[in-house]
Each structure stands twice: as structure tokens, then as C-alpha cells.
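Presented below is the structure to which this report refers.
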Amino acid sequence: GVRRVREASAQQLRRQFGAMAWKDGESAEDFAIRITGLTNNLRVLGDDMKDVEIVRKMLQVVPEHLAQVAISIETLLDLNDLSVEEVTGRLRTVKQRC
């Protein structure tokens, strides 16, 4: 019974991860906190969520004003070597410059 509950909870969290999007006015730090919190819950339930999956999701759902930066990160950097903190820092820098 416990295994089934964990699997059901993990499935629900995976659906939330798939549907995750930036909220209006949300900062890169706030989004990073939300997405890492969700993925940490998945890891507790036994799902091995890699950082590269989180980074890719972050870059896929960035708001329009950060889309060009996301494209640059995806094309110029190796996503396998980037951490969530690095991507958050790069996105925060762009927001601060605007």
C-alpha cells in the first residue's frame, strides 16, 4: 500500500512538473524555488530527477522577455554542465539590467 501511495504521489508531482509555468511577474529566483521544491519532493519519493531536466524545463517556459536569453543559453552552453543556480543567476542578471 505504501508503495502505491508513493507512486501515485510521484505521478501527481510529475504532472505538476510538466504543467509548470512562470507566473505573471514571477522572478527567476521564485520560479527556481518552486521548481526545485517540486523536484526535491519527487526525489524523496524515489524519482531520480536530474538537474539537466530542471534546467531544460526552466528554459522552455521562460517568459517572453527572457526568451532570447534562453535561446542563447541553450545554443552556447552545454546544458548537461549547468546547474539550476547558474541558470537562475543568468536570468536574474538579464532582469536586473532591464
request  = Quick one: pull up CD1 in I35 and CG in N40 and give me the separation to the nearest 0.5 Å.
outcome  =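 Going from the CD1 atom of I35 to the CG atom of N40 covers 11.0 Å.
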Extract all donor-acceptor atom pairs below 3.5 Å that involve side chains of residues 83-92 and protein atoms in other chains or at least two apart in sequence.
unit_1: S83; atom_1: OG; unit_2: E85; atom_2: N; d: 3.4
unit_1: S83; atom_1: OG; unit_2: E85; atom_2: OE1; d: 3.3
unit_1: S83; atom_1: OG; unit_2: E86; atom_2: N; d: 3.1
unit_1: S83; atom_1: OG; unit_2: E86; atom_2: OE1; d: 3.4
unit_1: E86; atom_1: OE1; unit_2: S83; atom_2: N; d: 2.8
unit_1: T88; atom_1: OG1; unit_2: V84; atom_2: O; d: 2.8
unit_1: R92; atom_1: NE; unit_2: E29; atom_2: OE2; d: 3.3
unit_1: R92; atom_1: NH1; unit_2: E29; atom_2: OE2; d: 3.0

key: Pairs satisfying ring pair (Phe, Tyr, Trp, His ring centres under 6.0 Å), at least one member in residues 28-74, at least two apart   =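 Residue pairs passing ring pair (Phe, Tyr, Trp, His ring centres under 6.0 Å), neighbours aside: W22-F31.
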Donor-acceptor list for residues 1-8 side chains, cut-off 3.5 Å, not counting sequence neighbours:
unit_1: R3; atom_1: NE; unit_2: E7; atom_2: OE2; d: 3.2

request  = Any chance you could lay out the side-chain contact (heavy atoms from CB on, under 4.5 Å) test for V62 and V69, step after step, and finish with the verdict?
outcome  = CA-CA 9 Å; V62 295; V69 177; over 6 Å; no
request  = Scan for salt bridge (charged side-chain N to carboxylate O under 4.0 Å, His left out) pairs involving residues 59-77, sequence neighbours excluded, and state none if there are none.
outcome  = none
key: In one Ile/Leu/Val/Met/Phe/Trp/Tyr side-chain cluster, 4.5 Å: V55, I71   =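 They do not share one cluster, since no chain of ILVMFWY contacts under 4.5 Å joins V55 to I71.
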note = salt bridge (charged side-chain N to carboxylate O under 4.0 Å, His left out) filter on R43, not counting sequence neighbours, yields D51
Please list, chain by chain and in numerical order, all residues satisfying side chain to side chain donor-acceptor pair (under 3.5 Å) with [X], sequence neighbours excluded.
| X | value |
| --- | --- |
| K23 | none |
| E26 | R34 |
| Q11 | R14 |
| D24 | none |

Shortest non-hydrogen contact from [X] to [Y]?
| X | Y | result |
| --- | --- | --- |
| L45 | A10 | CD1-N, 3.6 Å |
| F17 | L38 | CB-CD2, 3.7 Å |
| T36 | I33 | OG1-O, 3.3 Å |

request  = Quick one: list whatever passes side-chain contact (heavy atoms from CB on, under 4.5 Å) with D78, sequence neighbours left out.
outcome  =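 Listed in chain order: N80, D81.
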request  = List in chain and number order the residues that pass side-chain contact (heavy atoms from CB on, under 4.5 Å) with N41, two or more places apart in sequence or in another chain; answer none if no residue qualifies.
outcome  =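 N41 satisfies side-chain contact (heavy atoms from CB on, under 4.5 Å) with L13 only.
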4.5 Å side-chain heavy-atom contact, L59 and L79 =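 Side chain of L59 against side chain of L79, heavy atoms only: contact under 4.5 Å found.
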